[in-house]
Structure formats: C-alpha cells, structure tokens
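Following: one structure in structure tokens, then a few remarks.
A quick note: this is a predicted structure, and the numbers were derived from the prediction, not measured. Protein chains get the first letters and strands the later ones, always in sequence-line order, with residue 1 at the start of each.
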There are 2 protein chains.
Amino acid sequence: MLPGMTTEAVTLDRRQRRRLETIEEVLDIAVEIMGEQGVAGLSVGEIARRMGIRPPSLYVYFPSKNALYDALFARGAEQIHAVVEADWHRLGESDLSLEQQLIDAGRSFVGWCVANPSYTQLLFWRPVPGFTPTPEAYEPAIRMLALTTSWFEQLQARGLIRADVDVAAAVRDWTVITSGVISQQLANAPDEQPGSGRFVTAIPSLAAMFAKHYGTPTPSRSRGRARHADKR
Amino acid sequence: MLPGMTTEAVTLDRRQRRRLETIEEVLDIAVEIMGEQGVAGLSVGEIARRMGIRPPSLYVYFPSKNALYDALFARGAEQIHAVVEADWHRLGESDLSLEQQLIDAGRSFVGWCVANPSYTQLLFWRPVPGFTPTPEAYEPAIRMLALTTSWFEQLQARGLIRADVDVAAAVRDWTVITSGVISQQLANAPDEQPGSGRFVTAIPSLAAMFAKHYGTPTPSRSRGRARHADKR
DNA sequence: GTCTATATGACGATAGAC
DNA sequence: GTCTATCGTCATATAGAC
C-alpha cells in the first residue's frame, strides 16, 4: 500500500511509527464524522477540531481532502475484502448446500456493509462530488470480485451449481441481489440492527430463489458424504 | 402540490405563470448541474451563473438550498411514479406471463433510473448531507410502492403468483432486485446506455428466477386460454 | 415583487514563520 | 510538525433601488 516500502521499512523508526498512528487517528475520526454528517459531509476543519489541532496541520499527512477519501476507500476495501476472504476459506471447507452457503456469505457481506454504512456508501455509491478512487485504492475491490468468482467456480466444480451455467452471469446476478439488499436497507431503514433489518431478513428468500435457478436439481442437502476430488 | 391552490388559482395570471416557468427553469438547470458535478455538487451560485442572474435572486423562488433539493425530490418522485403508473395500466390489461411482465416493468423502471441518475441518487440514496425530503415530497414515492403492491396483488388474484405467497415479501424481494440492478449499473458503469448496460441485461435472468420462485408452476406462457387447475 | 449590491461565516487550500 | 495569516469560493441573509 505505502509506495516505496521495501524490506528495511518493515522496522519503522519512532517518527515513522508515530506518523502512521496519527494517520490512523485521522481516519478513525473521519469515519466517525461521516457517520454523523454523511459521507460528503466530512470536513477537514471538523477533523482538526476533534483532534485539537489546526486544519493546515492535516495537510502534512494528506495532500488534499480527496487523498483522505482515497485512504478511507482503500481502508474500507481492505476490510470488506478480508471479510469475503474469511468466508471463502470457511465455506470452501464446508459441506453446506448451495442455498445455505449463499445465506451464510450473504449475511456476512451484508452484515459488514450495514454495520459500516459510511465505508459502504463510499465504496459502492459515488456520494462525493469530484472524488474517484485511485487504482491502488480500488485494487482490493477487484481482488474481492475475483474471490467471489472463484468461489462460484468451486461451487460449480463441486456440482452445486449446474454445469451449463455461465459463472460470470451467476456472479453478476448474486452481486445484484446483495447490493440490492444493502441499498434498500441503508436507504430506507439505516437504523435497524445489522442482523435483523427488514431487508437483511430477505436474504434467505433471495438465496432460495437463486439456488433454485442456478443450483443442481438435487441439492446435496443432507447427502451422505461421498464428496470426491475436492480440489480447492 | 402548491399549498393554498383553490379553484380560481387554476387560471393563473401572467405573473404567476412567469414565476412557475422560472421555477421550472431553475430545476432544469439544477438537474443539468447535478449530472455534471454529482448530486451533492449542486451550487446555488452555479445555477445563477447559468441563468444569467445573481445568486440572491434565487432565494425569491426557493427559501433555501434544501427547499430546492426538496422540489427536485418531489419532481423526480412524481416522474418515476408516472412511469410506474403507466406500466401498471398497461400490464393490468395484458396477457403476458409473470416473467414477461416482470421483465417489462423492470426494464421500464430501471431504464428511467439509469437515464436519470441524478434524480435516482437523490430519491433512493442519501447523498446530500443535512437534507431529508419533506413528507409532501416523499408522498409520490409512497403511492408508487402502493402501486407495486396492488400490481402484485392483481398478479396473485389472476393466478400468476401462487396463492400461498406473502405479497409483501414478494414486493420486498422484487424491490431489492430492481434496486440492486440500478445500484450496480450506476455505481460501476454509469456511462453505459440505459437499455444495454451490463447490469440492465441481467433483468431477464433475475425475472426468470423470481418467477420460478413465486410464480405458479405452469406459467401461462402461451396461454392456451384454459388455465387448468394449477397442478403443483 | 423582483432585482442588485453587499455582508457574514464556513469551507478547502497555500505560504511562510518558528 | 505545527502554527498564523491569507486566499477564493461557497451558502445564506439583509438593505434598498426600480
């Protein structure tokens, strides 16, 4: 992430470490403010006020407000990527049905997004006029989509998704569904609990219809353990 | 919409008419600017600049910037409601299958949203810090949801949606799907043509899975007139 | 009623002293 | 690294000419 980082940079001297801590503090407070004022309502002056410094001092750490948004974008993308990666590992070793895996992954992904609405809006909508993420900040989002694709390829290889299904289309449809849940939940009922929102509870129903459409006619629901050649 | 309108107000004198024309012009230019700068990037000064007047003159027509956003919200809600109402009338008299009706209505709704991204973001996301629509501006959006619900109730009454389906849940799931398409299309490929966007083309597939899940087992596809007692 | 002229305070950002 | 001083732009408000 940090450009120019090489081997010796792994051991940071005190100044560098202090600098990184300050940067983290700035980002934490920025997230806090976005939660209160909206993503586009973030102001450099308000960050400085809460940190007990003057606004120009922040320009030592970030050359512009958009650079700050870019760091927030990268941070959010990294976090949600980590969530998806953990799901991928867990589900790759599970014997759950397609429907159950979709419910599991859907709840996990949507849960993080609803619990982190500021990051989610910044990542998936475009609420800040004039800000576009840099390719470096966007990169974890690309890795995340690749993970979802290889998860679906695995599901197909294991016979849970029909062999004639176009994986790209299935990924696209599942992405549409999850982003629809998030969009509706955040726009219409942002204050409901992450796990029990009125749209989050639609996940099982949506997972069922997806599994019925793309899954094999005989879902291997409680099928007794003759799984062969589990190549992950 | 305009409070205090009574019978004699139907015939407006020249001044009143001129005033309304100016208001429409302000809103048109505001939409234009939002399209270029983002919804939250709208500025009163820029509107005045393009109209060839000074910023304070705009406060004669709108008491605040948020009142302007409110008028834009009401206008967008009225327009999309009109789209849904037209679909409702057309489909109410059609003999199309559930799947075909969903594709038809989905394309219509999503098409308007993708063609009018500024209104869509203002209506369905919350991109403007400090702005919440007034109940009057929000009212067409409520009527729109009611229309969708009664459309689904009709579909159930006509036997296209299974009798045991909870209509509210079906409306919720369909709302999630359409808003997911819109969200993905606008966030990831906003410049693709409204009719041929890479997520808009997912509508048939999503409509098929929805119809398979909530529809009657024998979709009246070519409708041989005698709908036989739904063997399910 | 509608306009111009003008004032206020917040914002993002820069220059330069220490 | 942090500060003061300053710039230009913004939304907003008021006074007063026509």
* So, B:E139 and B:R143, do they make that salt bridge, N to O below 4.0 Å? -> yes

* Asked: Got a salt bridge between B:R50 and B:E32, using NZ or NE/NH1/NH2 to carboxylate O under 4.0 Å?
  -> yes

* To do: Figure out the CZ/P separation between A:F62 and D:dT2, and round it to whole Å.
  => 13 Å

* To do: Answer yes or no: are there more than 12 heavy-atom neighbours, outside A:R54 itself, under 6.0 Å from its atom CZ?
  => no

* Round to the nearest Å and state the distance from A:L68 atom CG to C:dC11 atom P. => 15 Å

* Structure fact -> Atom CZ of A:R14 and atom C1' of D:dG1 are separated, to the nearest Å, by 16 Å

* Which pair of non-hydrogen atoms, one from B:N188 and one from B:R198, has the smallest distance, and what is that distance? -> O-NH2, 4.3 Å

* Is the shortest side-chain N/O distance from A:S57 to OP1 or OP2 of D:dG1 below 4.0 Å? -> no

* Flag yes if more than 12 heavy atoms outside B:E21 fall under 6.0 Å of its CD atom; otherwise flag no. => yes

* Asked: Nucleotide by nucleotide, 5' to 3', does protein get under 4.0 Å of the base (B), only the sugar-phosphate (S), or neither (-) in nucleotides 13-18 of chain D, counting heavy atoms?
  -> BB----

* Stepwise, does the side-chain contact (heavy atoms from CB on, under 4.5 Å) test hold for A:L27 with A:I23? -> CA-CA 6 Å; A:L27 296 180; A:I23 287 176; 4.3 Å; yes

* Asked: Nearest-Å distance, CD1 (A:I53) to P (C:dG12)?
  -> 13 Å

* Ion pair check, B:E78 and B:R75, cut-off under 4.0 Å -> no

* Asked: What is the distance from atom CG of B:L68 to atom CG of B:L42, rounded to the nearest 0.5 Å?
  -> 6.5 Å

* Value in whole Å for how far the C1' atom of C:dG12 lies from CD1 of A:I47 -> 12 Å

What's touching nucleotides 6-10 of chain D from the protein side, N or O pairs under 3.5 Å?
| unit_1 | atom_1 | unit_2 | atom_2 | d |
| --- | --- | --- | --- | --- |
| D:dC10 | OP2 | B:R49 | NH2 | 3.3 |

* Asked: In whole angstrom, what separates B:R54's CZ from D:dT12's C1'?
  -> 17 Å

* To do: Measure from the ring center of A:Y69 to the ring center of A:F73 and say whether it is less than 6.0 Å.
  => no

* Asked: Is there a side-chain polar atom (N or O) of B:R19 under 4.0 Å from OP1 or OP2 of C:dG1?
  -> no

* Structure fact -> Taken to the nearest whole Å, CD/B:E21 to P/C:dT2 is 13 Å

* d(CG, B:L58; P, C:dG1) in whole Å -> 19 Å

